[in-house]
Every structure is written in C-alpha cells, then in structure tokens.
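Below, each value reflects all heavy atoms present in this structure, side chains not excepted, and no hydrogens, waters or symmetry copies.
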Amino acid sequence: MALVEIPCAPAGQSHWTQRTQLNGVEYLLTFDWSQRDGHWSLSIDDADGNPLHTGLVLVTGLELLGQLAGVRRVPGGLIVIDTTGANALEPGFRDLGGRFALGYVERSA
C-alpha cells in the first residue's frame, strides 16, 4: 500500500470538478464548499459521470471510504492530512491543497 497525494486546490472556487486517476482508473472528483457549515465535501463519479460516492465531508485523520461498500466502490482509501501534524482543525476554504492534503491509499481492487 502506498499513500499518494491527490493534487487539489480551490484557487478561490467553492465548487469544482477534476479528473483524477486512482489505482490507474479515471474518476471525476467534485469538491464543494459549504459556506453555511464551513466544510468541504467530495463526490466521486466514474469517468462517465455516474455517481459512486456523494457528499463525503472532508474530515482530518479519518478514512473517508472505509465504511462504504459496493461493487462500484473506489478500491483504495481517502484521508485528509494536516501537513502541520496538528490534526486539530478541518480544512477551511483556503486550506485545502495547502495545509491540508487529500491522500489516496492505493489498494488492490
């Protein structure tokens, strides 16, 4: 198993979608900022835009896909890492892709 950082940075946007390869398979990752609740969420679609996982709140230090099941599940794991090591805060609007990195734990399918 290897931890791979997924490049993602809002660049001032509160919503964006990017194409990202995980375990050699292309996915669409959509990031959304909730101004009301003050958190980022992530939705994952297959390359054709079919939803696989929706509304995953980006919480520091927790494996985001661990409790999800299904044959169309992303095979690895996702984790938000506080690069300062503090793990005391969740990523704010300007923190994702900087102080807070999104990591993917590669696993066999």
Give me the ring orientation class for W33 and F93: parallel if the planes are under 30° apart, tilted from 30 to 60°, perpendicular past 60°.
->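 Rings of W33 and F93: perpendicular, over 60°.
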Please name the pair of heavy atoms, one in E63 and one in G77, separated by the smallest distance, quoted to 0.1 Å.
->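 Scanning both residues, the minimum pair turns out to be OE1-CA, 3.2 Å.
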Between G92 and W40 the two heavy atoms that sit nearest each other are O-NE1, 3.1 Å
Residues which pass ring-ring contact (aromatic ring centres under 6.0 Å, His included) with F31, listed by chain and number, not counting sequence neighbours = W16
Applying salt bridge (charged side-chain N to carboxylate O under 4.0 Å, His left out), which residue pairs with at least one partner in residues 20-46 are found, sequence neighbours left out?
->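 Residue pairs with at least one partner in residues 20-46: R19-E26, D46-R72.
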How would you list all residue pairs meeting salt bridge (charged side-chain N to carboxylate O under 4.0 Å, His left out) that involve residues 6-17, not counting sequence neighbours?
-> none
Could you pull out all residues at least two apart from [X] that satisfy side chain to side chain contact (heavy atoms under 4.5 Å, CB included)?
X: V57; result: H39, V59
X: V25; result: Y27
X: I6; result: Q18, T20, L22, L29, L78, L102, Y104

T84 backbone acceptor or donor facing D82 side chain under 3.5 Å = yes
Can you tell me how far NE2 of H15 sits from OG of S43, rounded to the nearest 0.5 angstrom?
-> 9.0 Å
Answer whether the closest heavy-atom distance between the side chains of L42 and T30 falls below 4.5 Å.
-> no
Within a strict 4.5 Å, meaning less than it, do heavy atoms of the T60 and P91 side chains meet?
->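 Yes; the side chains approach each other to less than 4.5 Å.
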Is it possible for you to say whether L28 and L96 belong to one hydrophobic cluster, with membership spreading through side-chain heavy-atom contacts below 4.5 Å?
-> no
Determine, stepwise, if the pair I79 / L64 fulfils side-chain contact (heavy atoms from CB on, under 4.5 Å).
-> CA-CA 6 Å; I79 188 167; L64 302 174; 5.9 Å; no
